[in-house]
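Counting starts at 1 for both ligands and their atoms, following the listed order. None of these values were measured; they are calculated from a predicted model.
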Amino acid sequence: MTSSSPESLRSCPPIVLKSVRLYGEGDPVDVLVRDGQIAEIGERLTAPTDADSIDCEGKILLPGFVDLHTHLREPGREYAEDIETGSAAAALGGYTAVFAMANTDPVADSAVVTDHVWHRGQQVGLVDVHPVGAVTVGLDGKQLTEMGLMAAGAGQVRMFSDDGVCVDDPLVMRRALEYASGLGVLIAQHAEEPRLTVGAVAHEGPNAARLGLAGWPRAAEESIVARDALLARDAGARVHICHASTAGTVELLKWAKSQGISITAEVTPHHLLLDDSRLDTYDGVNRVNPPLREVSDAVALRRALADGVIDCVATDHAPHGAHEKCCEFANARPGMLGLQTALSVVVETLVNPGLLTWRDVARVMSEAPARIVGLPDQGRPLEVGEPANLTVVDPAARWTVKGPELASRSDNTPYEDMELPAVVTATLLRGKVTARDGKVGA
Ligand code: DOR
Ligand code: ZN
């Protein structure tokens, strides 16, 4: 499904990544990329004369990142993002595959929509845009979609989610897990018991109380995580938890995994770095679902990612237009940009403090997500013969985030003016350069 046409590979010259450290380990080596694959690895390779050479002195080579949770807003809200602008942000952020959530307009609840998303992503050609199919028709939580037809379509949908809303009816969720299990596809749950979050705009705690904001209790997330773990156990199915945000969710995941339940989970960069003390300004850029929690939650999430209790990082890149964010906090739409800042936030919160090595970064940003969703050509080892889906990182560089300079169509970000470590200097998709030195394409 994801292989380029032979024509596009032939038109792509060989590339030598000069003097790069694989996973940030050992001595630097040269990596020759040809015909979409890693063709040779060695010290001071003699490159073919037609090869394009990229100087990677001081840089680290990782497998291309895979994002299980992206909102690209196409079809329906292209003023906030579309597949082209979102793909550019993804390539610049080091991603070679992203999963585009189903809460579009129309909802991606049929193969007509999921196939469009796949084809449009391939046409843009910067990152593999895998469509996520909705679990229920129109995200209404009532009637299951034709998951089988979407899985069999051109988009080969392998993950289903009503993200944005929770599949809250336990019987519907049970049937979805059973159906998905038979098809060999994954259900990803936005864990939010809606009866506990009516009107909620912020984490329920001292800060929300002080600021007069309606609170979203941790139990709204944790009760669904616990319930879905039990439903997955009984159905013999797999379930994936989107954007885990509380210390309690971490404990539940630990318990469920210890019972042998097939449960996986992701954490977002913003829940790793930010907390609800930022809400003091009432700035809508900080509104997100689930909400920014307390520092103790962020610390628990970091440890859980380091320990493998949480499997991977997913951005929940969720662009909104200025008119939807620059307004009264309670009216701001939830969601924030994430694709171009994800790696830097992971380095800031986990690599620099010594909780993750660069090899671990490959695990949580590439290998684990590819495995969770069963992508055969992503998250592969950096070895000869493997597909050249690659990310080159400068670990020593620092940069200051400026929303208008990001590739997304929306430019509001909670990281505005923040200085962060690590810069993606090149991304290769099947041997083709999709981003280099901050620019899209070769
Ligand atoms: O903050 C969020 N924004 N959380 C979600 O679950 C959905 C997303 C969106 O689509 O804007
Ligand atoms: Zn969500």
Side-chain angles (χ1 to χ4, degrees), residues 67-83 86 89 98-109 117 131-132 134-136 138-139 141 159-168 173 186-194 197 200-203 216 220-222 224-225 228 239-246 249 264-272 274 276 278-279 283-293 312-325 327 329-339 341-342 408-410 412-415:
D67 189 9
L68 294 185
H69 194 144
T70 313
H71 298 270
L72 297 185
R73 305 302 190 211
E74 181 176 341
R77 289 181 57 216
E78 289 84 354
Y79 62 85
E81 191 78 293
D82 64 22
I83 289 171
V98 299
F99 283 74
M101 279 297 175
N103 63 341
T104 49
D105 184 10
V107 169
D109 57 7
V117 170
V132 176
V135 176
T136 65
L139 309 178
M159 174 157 77
F160 293 85
S161 180
D162 277 3
D163 183 67
V165 284
C166 182
V167 181
D168 62 323
M173 185 61 178
L186 181 69
I187 300 284
Q189 175 70 293
H190 168 112
E192 174 187 356
E193 169 47 61
T197 60
V201 299
H203 166 66
W216 162 320
E221 173 171 312
E222 294 158 3
I224 296 293
V225 173
D228 287 358
V239 67
H240 179 74
I241 302 298
C242 295
H243 40 53
S245 75
T246 77
T249 290
T264 52
E266 65 190 35
V267 62
T268 69
H270 46 272
H271 289 109
L272 290 170
L274 310 176
D276 71 345
R278 294 177 57 88
L279 304 190
D283 188 335
V285 290
N286 296 311
R287 178 142 187 231
V288 67
N289 284 349
L292 299 181
R293 301 279 182 190
C312 65
V313 173
T315 66
D316 198 1
H317 177 86
H320 293 292
H323 64 291
E324 296 163 323
K325 293 297 267 182
C327 56
F329 189 81
N331 289 330
R333 289 186 80 151
M336 33 183 75
L337 301 183
L339 285 166
T341 43
S408 283
R409 183 153 296 133
S410 301
N412 54 83
T413 163
Y415 307 113

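Nearest to atom 9 (C) of ligand 1 by heavy atom, out of Glu192, His243, Arg73, is Arg73.
You'll find the side chain of His190 stays beyond 4.5 Å of the side chain of Asp162, heavy atoms only. Counting heavy atoms from C-beta outward, His71 and Asp163 have side chains that approach closer than 4.5 Å. Taking the side chain as every heavy atom from C-beta outward, Met101 and Phe99 never approach each other to under 4.5 Å. With a 4.5 Å cut-off on side-chain heavy atoms, Leu274 and Arg293 do not count as touching. Contact check for Met173 versus Cys166: no side-chain heavy atoms found under the 4.5 Å cut-off.
Between the Zn ion (ligand 2) and the N, O or S atoms of Asp163, the shortest distance is to OD1. Within His190, ND1 is the N, O or S atom that lies nearest to the Zn ion (ligand 2).
The closest side-chain donor-acceptor pair between Thr70 and His317, if any, does not fall under 3.5 angstrom. Of the N and O atoms on the side chains of Asp316 and His270, not one donor lies less than 3.5 Å from an acceptor on the other residue.
By the criterion of a heavy-atom distance under 4.0 Å, neither the backbone nor the side chain of Met336 is placed next to ligand 1.
Of the N or O atoms in Ala318, none lie within a sub-3.5 Å distance of an N or O in ligand 1.
For ligand 1, the atoms sitting less than 4.0 Å from at least one non-hydrogen atom of Val288 are 1 (O), numbered in the order shown with element in parentheses. For ligand 1 and His320, the ligand atoms under 4.0 Å from any heavy atom of the residue are 11 (O). Less than 4.0 angstrom separates some heavy atom of Asp316 from each of these atoms of ligand 1: 4 (N). Of all atoms in ligand 1, numbered sequentially from 1 with element shown, those under 4.0 Å from a heavy atom of Asp163 are 5 (C), 6 (O), 7 (C).
Looking from atom 3 (N) of ligand 1 to the surrounding protein, the closest heavy atom is Pro334 O, 3.0 Å. Nearest protein heavy-atom neighbour of atom 10 (O) of ligand 1: Asn103 ND2, 2.8 Å. The shortest contact between atom 4 (N) of ligand 1 and any protein heavy atom is with Asn289 O, 2.9 Å.
Looking at Glu74 and Arg409, no side-chain N of the basic residue comes within less than 4.0 Å of a carboxylate O on the acidic one, giving no salt bridge.
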Take Glu81 and Arg73 through the salt bridge (charged side-chain N to carboxylate O under 4.0 Å, His left out) test and state the conclusion after the steps.
CA-CA 5 Å; Glu81 191 78 293; Arg73 305 302 190 211; over 6 Å; no
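At a cut-off of 2.8 Å, His243 coordinates the Zn ion (ligand 2) through an N, O or S atom.
Residue contacts with ligand 1 leave out Arg333, since none of its heavy atoms falls under 4.0 Å from the ligand.
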